[in-house]
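Working notes, beginning with the structure itself.
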Protein chains: 2
Amino acid sequence: METKQATAIFLALSADLRLDLFRLLVKYAPDGLVAGEIAKYLKVSNTNLSFHLKALLHAGLITVEKEGRFLRYRANIPLMLETIAYLTAECCSGRPELCRDFRAASAVSAAVLPVCDSKK
Amino acid sequence: METKQATAIFLALSADLRLDLFRLLVKYAPDGLVAGEIAKYLKVSNTNLSFHLKALLHAGLITVEKEGRFLRYRANIPLMLETIAYLTAECCSGRPELCRDFRAASAVSAAVLPVCDSKK
DNA sequence: GACACATTTCAATAATTGTTGAATTGTTCT
DNA sequence: AGAACAATTCAACAATTATTGAAATGTGTC
């Protein structure tokens, strides 16, 4: 993943509303939701929702598909996995032993932490 | 991790300069670098560097320690690991089978992708 | 075709973020 | 104490992002 794409993704995730939005779409994966449903769940105006949907689309974190007069949005989970892989690589940055040591010392359950191995 | 902290972290990583800065500090972990060294590497003015360092500090992604008349900055790798764990949890969101399926289909090497298991 | 509906686009404004140079704080060295 | 240095803070301004209401686009229904 390129730096430019990574920063676009982080910018897209940097607002409460958009993070909630993405999570909502993950929750409703793989069917997704149409814009009106999202607006109801998040209690936000259609106009403002459009704005934030566009931000997430621009980053590629969600996709959109026309469905009659509705627009159906879905989370782009593969891109999220790529993003996680990118962050994992950044945090090791050629020194996986560091990452491993910190992970071993971490309070976070090992089960949810990424594999950060030199043979990457 | 709370939503508020997560969005602060993503905001901190949403600018090229700050992402580069964090990577630089990871590269020089665990010793870190003093502000002047960072400014040289990134070719940025001291003033502007201070601004972006503060943003990363605010998010908790870096730490600072006084060292004579220098200030030494270090990457907070455990927080990055927590962030990765958070994103991993978000992308599964109670439906690990989705995450697993996408990961299986992904072009990204399995070695760098996070474990995303129901027994998390 | 006329109407209701789903959603976006546009325009205006408010709020936040990014950048720059000058002034300030605090440290070291002699 | 005084000079040199490291880094930050401050003030001003430019640029971007967020929010709102009104108008426009396109789709389905009678």
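A, B, ... follow the sequence lines: proteins, then strands. Residue 1 opens every chain. Worth saying up front: this structure is predicted, and the values here are computed from it rather than measured.
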Point-to-point distance, once rounded to the nearest 0.5 Å, from CG of A/L87 to CE of B/M80: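 A/L87 atom CG to B/M80 atom CE measures 5.0 Å (nearest 0.5 Å).
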Integer-rounded Å distance: [N] [atom2] and [X] [atom1]:
| X | N | atom1 | atom2 | answer |
| --- | --- | --- | --- | --- |
| B/L17 | C/dG18 | CG | C1' | 10 Å |
| B/E67 | C/dG26 | CD | P | 19 Å |
| B/L49 | D/dA7 | CG | P | 9 Å |
| A/L71 | D/dT27 | CG | C1' | 11 Å |
| A/L33 | C/dA6 | CG | C1' | 15 Å |
| A/F70 | D/dT25 | CZ | C1' | 16 Å |
| B/R69 | D/dA6 | CZ | P | 6 Å |

side-chain N/O [X] vs [N] OP1/OP2, d < 4.0 Å:
| X | N | result |
| --- | --- | --- |
| A/Y73 | C/dA6 | no |
| A/R18 | D/dA18 | yes |
| B/N48 | C/dT19 | yes |

Taking the side chain of [X] as heavy atoms from C-beta outward, which of [options] is closest to it?
| X | options | answer |
| --- | --- | --- |
| A/K66 | D/dT9, D/dA7, D/dG26 | D/dG26 |
| A/A35 | D/dT8, D/dA6, C/dT8 | C/dT8 |
| B/H52 | D/dT19, C/dG18, C/dT8 | C/dG18 |

Sugar-phosphate, base or nothing in reach of A/L11, heavy atoms under 4.0 Å: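 Counting heavy atoms under 4.0 Å across all strands, the contact made by A/L11 is with sugar-phosphate only.
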Sugar-phosphate only, base, or nothing, as touched by A/R72 at under 4.0 Å among non-hydrogen atoms: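 Here A/R72 touches no strand at all.
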First of B/S45 and A/L53 reached from the 5' end of DNA chain C, by closest nucleotide: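 The answer here is A/L53.
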Earlier contact from the 5' end, DNA chain C, for B/F51 and B/T47: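 The 5'-side residue here is B/F51.
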Nearest non-hydrogen partners of A/N76 and A/F22, listed with the distance: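 Answer, listing the atom of A/N76 first, then A/F22: N-CE1, 4.3 Å.
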Nearest non-hydrogen partners of A/L56 and A/R18, listed with the distance: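 The answer is CD1-O, 3.9 Å.
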Transitive ILVMFWY side-chain link B/L11 to B/I84, under 4.5 Å: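 Different hydrophobic clusters.
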Any donor-acceptor N/O pair, A/R23 side chain to B/E90 backbone, under 3.5 Å: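 Such a contact is absent between A/R23 side chain and B/E90 backbone.
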